[in-house]
Amino acid sequence: MAKKLHYFNLNALGEPIRYILHYTKQEFEDVRHDFLTWPDPEVKKSLPYGQLPLYVEGRKTLNQSLAIAKYVARDSGLIPADAWQQAILDSTVFNIYDFWKNVIQFVQEKDTAKKAALKKVIEEETVDFFFSRFEKHLAENGGFFIGKLSWAEFILVGIVEASNLFLGIEVDKKYPQVRKLAEKIRNLPGVKEYIASRGAYKLP
Ligand SMILES: N[C@@H](CCC(=O)N[C@@H](CS)C(=O)NCC(=O)O)C(=O)O
């Protein structure tokens, strides 16, 4: 069945899904929309909630990045059988997205002074609040969230990379567990080749 992932030519919410698809060796069409000319009225109208990413499998479509990531991670050992462990991972990805909300607020702010103020708060408070917790969670579980590789680590690494790109800082600089994990994910078979083939992202 033909699979397609629609997203912008950026990392952000699409990249963890791309990483999982490449790691699990699933063939898919990586459809990239141009952020600079967005919104393309035809495409926007065709999206169930007007936003990307959108995953397409045959005639079925799925929106919401976390739902897509979890769906494409099934049958690959990236989702534990145990319900409690599944819930821990769900909670973890929501915590990661709670951090990401701050980055999005920064990205969307048009006023230069307010934008600078938001960046200062993120750099001086928000990063530490979330990343000290991610760091502890990883340290207590052998460098993963539940003691082995799961879909949640892909989400964290994708969000770290996108945050670094959008904020122009290294949010993971002081967090060795997070950094080590990012290196591990980037060197996974499938992911490594994908990264080499796509090159580096640049902000529009
Ligand atoms: N909760 C949604 C958020 C999707 C979202 O915010 N998409 C943004 C890009 S990251 C978008 O499509 N922006 C363009 C628009 O709203 O027209 C998810 O996780 O998929």
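Throughout, numbering of the chain's residues begins at 1 and tracks the sequence. Note that these values count all heavy atoms, side chains included, but never hydrogens, waters or copies made by symmetry.
Interatomic distance, K192 NZ to N187 CG, rounded to the nearest 0.5 Å: 5.0 Å. Rounding to the nearest 0.5 Å gives a distance of 8.5 Å between CG of L149 and OG of S76. A distance of 8.0 Å separates CD1 of I169 from OG of S163, quoted to the nearest 0.5 Å. The distance from atom CH2 of W100 to atom CG of L13, rounded to the nearest 0.5 Å, is 6.0 Å. Interatomic distance, NZ of K114 versus CZ of F106, reported as 14.5 Å (0.5 Å rounding). Taking OH of Y7 as the start and CD of Q51 as the end, the distance is 9.5 Å to the nearest 0.5 Å.
Residues P16 and V157 have side chains not in contact (no heavy-atom distance under 4.5 Å, counting atoms from C-beta outward). You'll find the side chain of T24 stays beyond 4.5 Å of the side chain of V72, heavy atoms only. Under the 4.5 Å side-chain criterion, counting only non-hydrogen atoms from C-beta, E29 is not in contact with L5. Within the 4.5 Å cutoff, the side chain of I185 has no heavy atoms near those of the L156 side chain. L62 has its side chain within reach of Y71: a pair of non-hydrogen atoms, C-beta onward, lies under 4.5 Å apart. Between K174 and F131, the closest side-chain pair of non-hydrogen atoms is not below 4.5 Å. Within the 4.5 Å cutoff, no side-chain heavy atoms of D40 are placed close to those of D34. Between P80 and I146 there is a side-chain heavy-atom pair separated by less than 4.5 Å.
By the 6.0 Å and 45° rule, R133 stacks over the aromatic ring of F129. At least one cation-pi condition fails for K3 and Y55: the charged atom is not both under 6.0 angstrom from the six-membered ring centre and inside a 45 degree cone around its axis. Y175 does not carry R179 over the face of its six-membered ring by the limits of under 6.0 Å from the centre and within 45° of the normal.
Between F130 and F134, the angle of the ring planes lies from 30° to 60°, which puts this pair in the tilted group. Between W38 and H33, the two ring planes are perpendicular [angle over 60°; tilted spans 30° to 60°].
The two atoms that bring L66 and W151 nearest to each other are O-CZ3, 3.5 Å, heavy atoms only. Between D82 and Q85, the closest heavy-atom pair is OD2-N, 2.9 Å. When all heavy atoms of N9 and R32 are compared, the pair lying nearest together is OD1-NH1, 2.9 Å. Across every non-hydrogen atom of L118 and E109, the tightest pair is CD1-CB, 3.9 Å. Of all non-hydrogen atoms in P53 and S65, the two that sit nearest each other are CG-CB, 3.7 Å.
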- Let me see the working for I159 and E161 under side chain to side chain contact (heavy atoms under 4.5 Å, CB included), right down to the final yes or no. CA-CA 5 Å; I159 291 301; E161 291 176 350; over 6 Å; no

- Derivation of the salt bridge (charged side-chain N to carboxylate O under 4.0 Å, His left out) call for E193 and R198: CA-CA 9 Å; E193 294 76 9; R198 66 127 162 88; over 6 Å; no

- Take L78 and I20, measure what side chain to side chain contact (heavy atoms under 4.5 Å, CB included) needs, and give me the verdict at the end. CA-CA 9 Å; L78 294 175; I20 295 172; 4.0 Å; yes

- Message: Applying side chain to side chain contact (heavy atoms under 4.5 Å, CB included) to V171 and F99, what does each step give before you reach the verdict?
- Response: CA-CA 11 Å; V171 294; F99 166 72; 4.2 Å; yes

- Task: Before giving the answer on side-chain hydrogen bond (donor to acceptor under 3.5 Å, both in side chains), spell out for Y201 and E15 the whole-Å C-alpha distance, their side-chain angles and the decisive distance to 0.1 Å.
- Result: CA-CA 11 Å; Y201 285 110; E15 198 73 344; 2.9 Å; yes

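With H6 as reference, L52 is the one residue of T61, N63, V43, L52 to meet the side chain to side chain contact (heavy atoms under 4.5 Å, CB included) rule. Each of I96, T92, I17, V160 was compared with I155 under the side chain to side chain contact (heavy atoms under 4.5 Å, CB included) criterion, and only I96 meets it. Results of the side chain to side chain contact (heavy atoms under 4.5 Å, CB included) test with V121 over E124, E123, K119, E125 single out E125 as the only residue that passes.
Side chain of H137 to main chain of F145: a donor-acceptor pair is present (N/O by atom type, distance under 3.5 Å, no hydrogens or angles). The backbone N or O of A2 lies less than 3.5 Å from no partner atom in the side chain of E57, so there is not a single donor-acceptor pair. When atom types are taken as modelled, the side chain of N141 and the backbone of G143 share no donor-acceptor pair closer than 3.5 angstrom. Put simply, the side chain of E135 gets close to the backbone of Q177: a donor and an acceptor are under 3.5 Å apart. Put simply, the side chain of K4 never gets that close to the backbone of F28: no donor and acceptor are under 3.5 Å apart.
Criterion: ILVMFWY side-chain heavy atoms under 4.5 Å apart, direct or through other members. Under it, W84 and V93 are part of a common hydrophobic cluster. Criterion: ILVMFWY side-chain heavy atoms under 4.5 Å apart, direct or through other members. Under it, L203 and F35 are part of a common hydrophobic cluster. By the criterion of side-chain heavy atoms lying less than 4.5 angstrom apart, applied directly or through intervening Ile, Leu, Val, Met, Phe, Trp or Tyr residues, Y49 is not grouped with V31; the two fall into different hydrophobic clusters.
Under the 4.0 Å criterion applied to side-chain N and carboxylate O atoms, E183 and K180 are not assigned as salt-bridge partners. A salt bridge links K136 with E140: at least one charged nitrogen is closer than 4.0 Å to a carboxylate oxygen. Using a 4.0 Å cut-off between a side-chain N of Lys or Arg and a carboxylate O of Asp or Glu, K70 and D90 qualify as a salt bridge.
By the side-chain hydrogen bond (donor to acceptor under 3.5 Å, both in side chains) test, K184 is found to be paired with no residue, residues two or more places apart in sequence or in another chain being considered.
A side-chain N or O of N164 and one of D172 form a donor-acceptor pair less than 3.5 Å apart. A donor and an acceptor atom, one from each side chain of E153 and Y19, are nowhere located under 3.5 Å apart.
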